[in-house]
Amino acid sequence: MRIQLPHAWPADAAEAVAIQDRLRPLADHTGPGPAAPALLAGLDVAYAGDGGTDDLLAAAVVVLDARTLEVVEQATAVGRATFPYVPGLFAFRELPVLIEALKSLEHTPDVMLCDGQGFAHPRRFGLACHLGVLTGLPTAGVAKTPFTGGYDPAALGTRRGASADLTDGGERVGRALRTQDGVKPVYVSTGHAIDLDTACRLTLAAAPAYRLPQTTRLADRLSRDALKAATG
DNA sequence: GCGACAG
DNA sequence: ATCTTGTCGC
């Protein structure tokens, strides 16, 4: 797919925050998004380093048949970090190499599931929102741990499909979603061009057997393999 | 002021 | 994210 990283890239945290504030209004959180997507994409990045600016990064994108969850296409890209890891500015670290991997994709996914937050972010503009705005494609964030916001554990059922609102400052920012019976929930939030119900429904459909959706699992494995191949 | 903090 | 053995449980 053809996409381009913005020419201007932040030199520091203040500039990065300014960019998030400027792009935030462009994210659509009402959807409805793809009701029956044919292609799901999963993205992840593996690192070799301490979280600093010279870490080696390996990005991976997997495109799955939404119905069978079989791999249709996959791509990787390796590069150096352009930004240190800063909570809340996570996207500036991973986006460049993720975009590179996406460029070599022949298929255009109907929705992309990101490893991290979307709207459930201190400035309501997590990685999934950023990637959605840059690509124009529907995106959702599926994080392994919560970031901004909290939920009432007592309100979260123990069975697969159970969920509880993630709220932050009285605002609903996402949902804690149980993808397997008795397993820790994942934290879903909207990225762009999708609504929370659809994001949760697709996440659940992509996670028929394990806690994490197959998109995330395969992208995670592919990114590690790519990093290992680049490192030796 | 202090602690917490997606990956 | 990454560093990592054994171990509890189905």
Side-chain angles (χ1 to χ4, degrees), chain A residues 13 16-17 19-20 23-24 27 42-61 76-99 101 112-133 139-151 158-160 166-169 173-177 179-192 196 199 203 209-213 215-232:
Chain A
V17 169
I19 290 174
Q20 292 182 326
L23 297 183
R24 182 176 49 244
L43 308 87
D44 197 13
V45 176
Y47 310 154
D50 57 4
T53 306
D54 47 59
D55 291 4
L56 189 62
L57 308 194
V61 184
T76 63
V78 174
R80 290 285 168 182
T82 60
F83 214 82
Y85 170 67
V86 179
L89 300 178
F90 177 48
F92 296 95
R93 184 170 172 75
E94 298 202 344
L95 275 177
V97 68
L98 279 174
I99 296 289
M112 302 194 282
L113 299 183
C114 303
D115 188 17
Q117 320 285 344
F119 192 73
H121 175 277
R123 285 173 298 281
R124 308 293 183 259
F125 200 71
L127 171 67
C129 303
H130 207 143
L131 185 66
V133 167
T139 57
V142 181
K144 295 182 287 295
T145 62
F147 184 29
T148 289
Y151 67 100
T158 178
R159 310 282 289 184
R160 165 181 161 85
L166 256 185
T167 59
D168 181 37
V173 297
R175 201 170 281 165
L177 175 67
T179 55
Q180 297 297 322
D181 293 355
V183 164
K184 286 194 306 180
V186 295
Y187 305 88
V188 181
S189 58
T190 52
H192 176 59
L196 188 54
T203 297
Y210 301 98
R211 176 188 178 230
L212 298 179
T215 41
T216 302
R217 290 169 50 82
L218 294 179
D220 179 79
R221 191 161 63 69
L222 183 59
S223 66
R224 295 189 201 226
D225 289 348
L227 181 63
K228 185 167 296 184
T231 301

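Note that this is a predicted model, so its numbers are computed, not measured. Quick note on labels: first sequence line is chain A, next is B, and so on, each numbered from 1.
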- Query: Counting only N and O atoms by type, is there a donor-acceptor contact under 3.5 Å from the side chain of Asp220(A) to the main-chain atoms of Thr216(A)?
  - Reply: no
- Message: Restricting to non-hydrogen atoms, name the atom on Leu43(A) and the atom on Val61(A) that form the minimum distance, rounded to 0.1 Å.
- Response: CD2-CG2, 4.0 Å
- Message: Taking the side chain as everything from C-beta on, heavy atoms only, tell me whether Val188(A) gets closer than 4.5 Å to Val186(A).
- Response: yes
- Note on the structure: What one should report as the nearest heavy-atom pair of Gly132(A) and His192(A) is O-CD2, 3.3 Å
- Item | Distance, rounded to the nearest Å, where Lys228(A) contributes NZ and dA1(C) contributes C1' | 15 Å
- Query: Do the ring planes of Phe125(A) and His130(A) sit parallel (below 30°), tilted (30 to 60°) or perpendicular (above 60°)?
  - Reply: tilted
- Evaluate the ring planes of Tyr187(A) and Tyr151(A), with Trp represented by its six-membered ring, and classify them as parallel (under 30°), tilted (30 to 60°) or perpendicular (over 60°). tilted
- Query: Where the side chain of Gln117(A) is defined as all heavy atoms beyond and including C-beta, which of dA6(B), dT2(C), dG7(B) is the nearest nucleotide?
  - Reply: dA6(B)
- Item | Side-chain donor/acceptor of Arg211(A) to backbone N/O of Lys184(A), under 3.5 Å | yes
- Between atom CG in Leu57(A) and atom C1' in dT2(C), what is the gap in whole Å? 13 Å
- Message: Ignoring hydrogens, what is the shortest heavy-atom contact between Leu166(A) and Ala120(A)? Give both atom names and the distance.
- Response: CD1-CB, 4.4 Å
- Residue list, salt bridge (charged side-chain N to carboxylate O under 4.0 Å, His left out) with Asp225(A), at least two apart or on another chain: Arg221(A)
- Query: Whole Å only: how far is the CZ atom of Arg123(A) from the C1' atom of dC5(B)?
  - Reply: 12 Å
- Sort by first number and list every stem of DNA chain B: at least 3 consecutive Watson-Crick or G-U wobble pairs, both distances under 3.5 Å. none
- Message: Would you call the rings of Phe147(A) and His121(A) parallel, tilted or perpendicular, taking 30° and 60° as the class edges?
- Response: perpendicular
- Query: Rounded to whole angstrom units, what separation is found between the CG atom of Leu89(A) and the P atom of dA6(B)?
  - Reply: 12 Å
- Task: Output the single nucleotide from dA1(C), dA6(B), dT2(C) whose closest atom is nearest the side chain of Leu227(A).
- Result: dT2(C)
- Query: Rounded to the nearest Å, what distance is computed from the CG atom of residue Leu212(A) to the C1' atom of nucleotide dA6(B)?
  - Reply: 13 Å
- Which stems, defined as runs of 3 or more consecutive Watson-Crick or G-U wobble pairs with both pairing distances under 3.5 Å, involve DNA chain C? none
- Message: Can you identify which nucleotide, out of dT2(C), dA6(B), dG7(B), has its nearest atom closest to the Asp115(A) side chain?
- Response: dG7(B)
- Query: Looking across every strand, which nucleic acid part, if any, lies under 4.0 Å from Ala48(A) by heavy atom: base, sugar-phosphate, or nothing?
  - Reply: nothing
- Query: Residues in side-chain hydrogen bond (donor to acceptor under 3.5 Å, both in side chains) with Gln20(A), at least two apart?
  - Reply: Arg123(A)
- Item | Asp44(A) and Arg224(A) ion-paired at < 4.0 Å | no
- Which of residues 140-149 of chain A sit near DNA chain C, with a heavy atom under 4.0 Å from it? Lys144(A)
- Query: Within less than 4.0 Å of OP1 or OP2 of dT2(C), is there a side-chain N or O belonging to Arg224(A)?
  - Reply: yes
- Task: To the nearest Å, give me how far apart CG (Asp50(A)) and P (dG7(B)) are.
- Result: 18 Å
- What's the CZ-C1' distance between Phe90(A) and dA6(B), to the nearest Å? 6 Å
- Message: At a heavy-atom distance below 4.0 Å, what parts of residues 77-85 of chain A sit against DNA chain B?
- Response: Tyr85(A)
- Query: In whole Å, what is the span from the OH atom of Tyr187(A) to the P atom of dC5(B)?
  - Reply: 12 Å
- Just checking, Arg93(A) and Tyr47(A): is the charged tip under 6.0 Å from the six-membered ring centre and within 45° of the axis? yes
- Hey, mind stepping through Asp181(A) and Arg160(A) against salt bridge (charged side-chain N to carboxylate O under 4.0 Å, His left out) and telling me if it holds? CA-CA 5 Å; Asp181(A) 293 355; Arg160(A) 165 181 161 85; over 6 Å; no
